[in-house]
Asker: 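Below: one structure in C-alpha cells.
Worth saying up front: this structure is predicted, and the values here are computed from it rather than measured. The figures here come from the full heavy-atom set of this structure, side chains too, leaving out hydrogens, waters and symmetry mates. Letters go in sequence order (proteins before strands), and every chain restarts at 1.
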Amino acid sequence: MSLVVYNTLSREKEPFVPIDAGHVRLYVCGPTVYDYVHIGNARPVVAFDVLYRLLRRRYPRVTYVRNITDIDDRIMVRAADNREPIEALTNRTASAYQSDMQRLGALAPDHEPRATQYVGEMVDMIGRLVDKGHAYPAEGHVLFSVPSMADYGRLSRRTRDELVAGARVEVAPYKKDPADFVLWKPSTDEQPGWPSPWGRGRPGWHIECSAMSARHLGETFDIHAGGLDLIFPHHENEIAQSRCAFGHGLMARYWMHNGFLNISGEKMSKSLGNFFTVHELLDQYPGEAIRLLLLSAHYRQPLDFTHEGLVQAKATLDRWYGVLRGRDAAPAGSVPQAVEEALSDDLNTPLAISALHQLGDPATLRAGANALGLLQQDAEAWFRWAPAGAAGPTDAEIEAAIAARQAARKARDFKESDRIRDDLKVKGVLLEDGPKGTTWKRG
RNA sequence: GGCCUGGUGGCAGAGUGGUGAUGCAGCGGACUGCAAAUCCGCGAAUGCCGGUUCGAUUCCGGCCCAGGCCUCCA
C-alpha cells in the first residue's frame, strides 16, 4: 500500500518515495523548554508519532529526530525570573515534556538533541555560510544574506519584496537587507555564550535545526515536520541555511505541517486565558483520551479542543476497552487493511478511527488501534483510572459494595441493591451487570 | 495589502463527478428485577450565485463568512 503525503513545498499530495528505502529519516521540530508545553505543542508530536509508527511498519530502518531547544531568550528571562540556573530550568521542563509526551502514547524519538550540545556544529555551519558569501558579520552578529539565495521563499511562497513590504518589525540597523535574519548574536557577560570567530555569543533560533538535522540525518533527508506557523520564518530559514551551507537543491524532500488547535472555538492564547498545559490536562483526563481527541480531526485541519470532545473521546475508549475487557486481546499480527489504507492517505486518522468502530474482534481492534497509538494498556487498568486528587472509593471498597449488592439481589432485596448502585454512582463508579457478573468503571 | 486554509446533519468529522462514511446525541425495539453496557432498526447535512457536464457536495469563476501566516509562536 503506497503512502501519500501532503507536501507543503508543492501544496499537493505526493507519493512518498524515500531517498534511501533502506533508511527513512524524519525530523520534527520540538519545544523550547522554559515551561510546561501547552496542548497545541502536543498536536505535532501525536500526529507525527502516527507517521513514525507507520514508517516503521513499512521500512527496515527509520531514524526519527526531535530536537529540544534549550537556549533561547525566553528561557533566559524565565530563569532570571525564577532565580534559578538556566540548566536547572531546561532540565526540569525537558523532563516534564518527555514524560507528558510519553503519557500521550508518543514513542520516544531515536535522537532528541539539545541545542546547547551542538553549538560547535552551528558555529561551523555559520562559518561555511560566511565563506560562501551567504552570511556576513555585523556588530557582533552574523546575519544570513537573503538576497544571496535566488529562490529564497519557496516553501512559504513569498518573495523577499513581499516580506519586506509586510514586515511588522523594526529593521535592525546592522542588517544589509531588511529580510536578513540572525544566525549568531552577541551575549553580554551575564548572558550564556559560547566562543566563536565573531566573538562570544549564542546562536539564532533557526540554525540549531539545520545543524542537528545534518548531524543526525545527513545534509538531505526525507521528511521535516512541524506546526503550520513554523513554515515562515523558521522552516524557510532552515532551508536557506542548509541548502546554502551544503550546496544541495533541497534540505528535506517532504515538508509536513499540522494545523492549529483552538480552545472552544477561539484561538488558544495567553491573553485570552484559554491555555491548557498537557501536564494539567493529564491530571483530569487519561492520556489516551487526549490523544484520541487530537487524532479525531485530520492533522492539517484546525482542531477545536473542548471539554465535550475529551468526554466523548473517553467514552469512545470506554467502548473499545469494553470490547477488550475480559477477553484475549493480544494484538493480531497486522494492522487491519481499512486502517492502514486510511493512514496511508496522508494520515487520515478520522477515517482510520471510523474503521476502528467497525471492528468487533478484540485482537483486530487492538492491532488497528495500536497503529494510532491507542488501546495500549490493560482494559482493567483503563477502567480504574481516576482523575488526580479524586476522593472516590478505593478499588477494595468498590468490590465490597458490589459483593453486598450481589447478596441483596440474591435475596431479591432490590431496594437495597439499587441503593448501593446509586450510592456508587454518586461517587463516580458505574456498575454493569453482565452474564459473567458485575463489572465496574470509574466515570 | 500579499500569501494560505476552510465553510457537510443538533454536535464532532471523513469521503466522493452519479441514490452523502463514521461516532456522539435523539427516537423505536431486543436484553435486564430495574438500570447500565451491548445489539438491531430509524429520522436528520453539503454557505450564496453563476459556469462546465447527461449529472456538481466534489471541477472552474465570483461573492459572503470564518480562521491562520507576513521574522515570539506547534
Asker: Is a side-chain N or O of A:D70 found less than 3.5 angstrom from the main chain of A:T116, in a donor-acceptor match?
Answerer: yes
Asker: Determine, for nucleotides 35-44 of chain B in 5'-to-3' order, which nucleotides have protein heavy atoms under 4.0 Å from the base (write B), from only the sugar-phosphate (write S), or from neither (write -).
Answerer: BBSS------
Asker: What heavy-atom pair brings A:N348 and A:H298 nearest, and what distance separates the two atoms?
Answerer: CA-ND1, 3.9 Å
Asker: Centre of A:Y6's six-membered ring, under 6.0 Å away, within 45 degrees of the axis: is that where NZ or CZ of A:R300 sits?
Answerer: yes
Asker: Taking atom C1' in both B:C65 and B:G15, what distance in whole Å separates the two?
Answerer: 24 Å
Asker: If each of A:G227 and A:Y6 is mapped to the nucleotide of RNA chain B with the nearest heavy atom, which maps nearer the 5' terminus, i.e. the 5' end?
Answerer: A:Y6
Asker: CG of A:L228 versus C1' of B:U5: gap in Å, rounded?
Answerer: 8 Å
Asker: Taking the P atom in each of B:U46 and B:C11, what is the distance between them to the nearest angstrom?
Answerer: 13 Å
Asker: Both conditions, 6.0 Å and 45 degrees, for the charged tip of A:R325 above the ring of A:F383: are they met here?
Answerer: yes
Asker: Can you see which heavy atom on A:A115 is nearest to which on A:M122, and at what distance?
Answerer: O-CE, 3.1 Å
Asker: Under 4.0 angstrom, heavy atoms only, what part of the nucleic acid is A:A179 near: base, sugar-phosphate, or nothing?
Answerer: base
Asker: Distance check, C1' atoms only: B:G23 and B:U19, in whole angstrom units.
Answerer: 23 Å
Asker: With a 4.0 Å cut-off on heavy atoms, is A:G322 in touch with a base, just the backbone sugar-phosphate, or nothing at all?
Answerer: nothing
Asker: Is there a donor-acceptor contact under 3.5 Å from the side chain of A:T349 to the main chain of A:L295?
Answerer: yes
Asker: Do A:N237 and A:Y152 have side-chain atoms, one donor and one acceptor, less than 3.5 Å apart?
Answerer: yes
Asker: Any base atoms under 4.0 Å from A:S417, or only sugar-phosphate, or nothing? Heavy atoms, all strands.
Answerer: base
Asker: Take a 6.0 Å sphere around CD of A:E380 and say whether it holds more than 12 heavy atoms from other residues, nucleotides or ligands.
Answerer: yes
Asker: Please check if the distance between the ring centroids of A:H235 and A:H206 is under 6.0 Å.
Answerer: no
Asker: Distance check, C1' atoms only: B:U58 and B:U52, in whole angstrom units.
Answerer: 13 Å
Asker: Rounded to whole Å, how long is the line connecting atom CD of A:E236 with atom C1' of B:C73?
Answerer: 17 Å
Asker: Defining pairs by Watson-Crick or G-U wobble geometry with both distances under 3.5 Å, how would you list the stems of RNA chain B with at least three pairs each?
Answerer: B:1-7 with B:64-70, B:10-12 with B:22-24, B:26-30 with B:38-42, B:47-51 with B:59-63
Asker: Quick one: on RNA chain B, does A:R300 or A:A315 contact a more 5' nucleotide (nearest heavy atom)?
Answerer: A:R300
Asker: Between A:L317 (CG) and B:G23 (P), how many Å, whole number?
Answerer: 15 Å
Asker: Using a cut-off of 4.0 Å on non-hydrogen atoms, how would the nucleic acid contact of A:R158 be classed: base, sugar-phosphate, or nothing?
Answerer: base
Asker: Any protein N or O atoms within reach of nucleotides 12-15 of chain B? Criterion: under 3.5 Å, listing atom names and distances.
Answerer:
| residue | atom | partner | partner atom | Å |
| --- | --- | --- | --- | --- |
| B:A14 | OP1 | A:H298 | N | 2.6 |
| B:A14 | O3' | A:N348 | ND2 | 3.2 |

Asker: Base, sugar-phosphate or nothing for A:L261? Non-hydrogen atoms, less than 4.0 Å.
Answerer: base
Asker: Can you check the A:I231 CD1 to B:C4 P distance for me, whole Å?
Answerer: 11 Å
Asker: Rounded to the Å, how far apart are A:R78 CZ and B:C72 C1'?
Answerer: 13 Å
Asker: Which of the following nucleotides, B:G33, B:G23, B:A74, is nearest to the side chain of A:R412?
Answerer: B:G33
Asker: Do A:H38 and A:T277 have side-chain atoms, one donor and one acceptor, less than 3.5 Å apart?
Answerer: no
Asker: For atom P, what is the distance between B:C72 and B:G62, given to the nearest Å?
Answerer: 33 Å
Asker: In whole Å, what separates the C1' atom of B:G26 from that of B:G10?
Answerer: 9 Å
Asker: Taking CZ from A:F232 and C1' from B:C70, how many angstroms apart are they, rounded to a whole number?
Answerer: 7 Å
Asker: Hey, are A:D73 and A:R202 close enough for a salt bridge, meaning a charged N less than 4.0 Å from a carboxylate O?
Answerer: yes
Asker: Looking at every non-hydrogen atom in both residues, tell me the closest pair between A:L129 and A:A245 and how far apart they are.
Answerer: CD2-N, 3.4 Å
Asker: Would you please indicate if the ring centroids of A:H141 and A:Y174 are separated by under 6.0 Å?
Answerer: yes
Asker: In whole Å, measure the gap between the P atoms of B:C59 and B:G17 for me.
Answerer: 8 Å
Asker: Please report, rounded to the nearest Å, how far the P atom of B:A74 is from the CG atom of A:L295.
Answerer: 20 Å
Asker: Is it possible for you to check whether A:K314 lies under 6.0 Å from the centre of the six-membered ring of A:Y285, through NZ or CZ, and within 45° of that ring's axis?
Answerer: no
Asker: Tell me: CZ of A:F260 to P of B:G6, nearest whole Å?
Answerer: 16 Å
Asker: Is any side-chain N or O of A:D418 under 3.5 Å from a base N or O of B:G33, one able to act as donor and the other as acceptor?
Answerer: yes
Asker: How is A:P435 classified with respect to the nucleic acid when contacts are heavy atoms under 4.0 Å: base, sugar-phosphate, or nothing?
Answerer: nothing
Asker: Which value, in whole Å, describes the distance between the C1' atoms of nucleotides B:G68 and B:G20?
Answerer: 29 Å
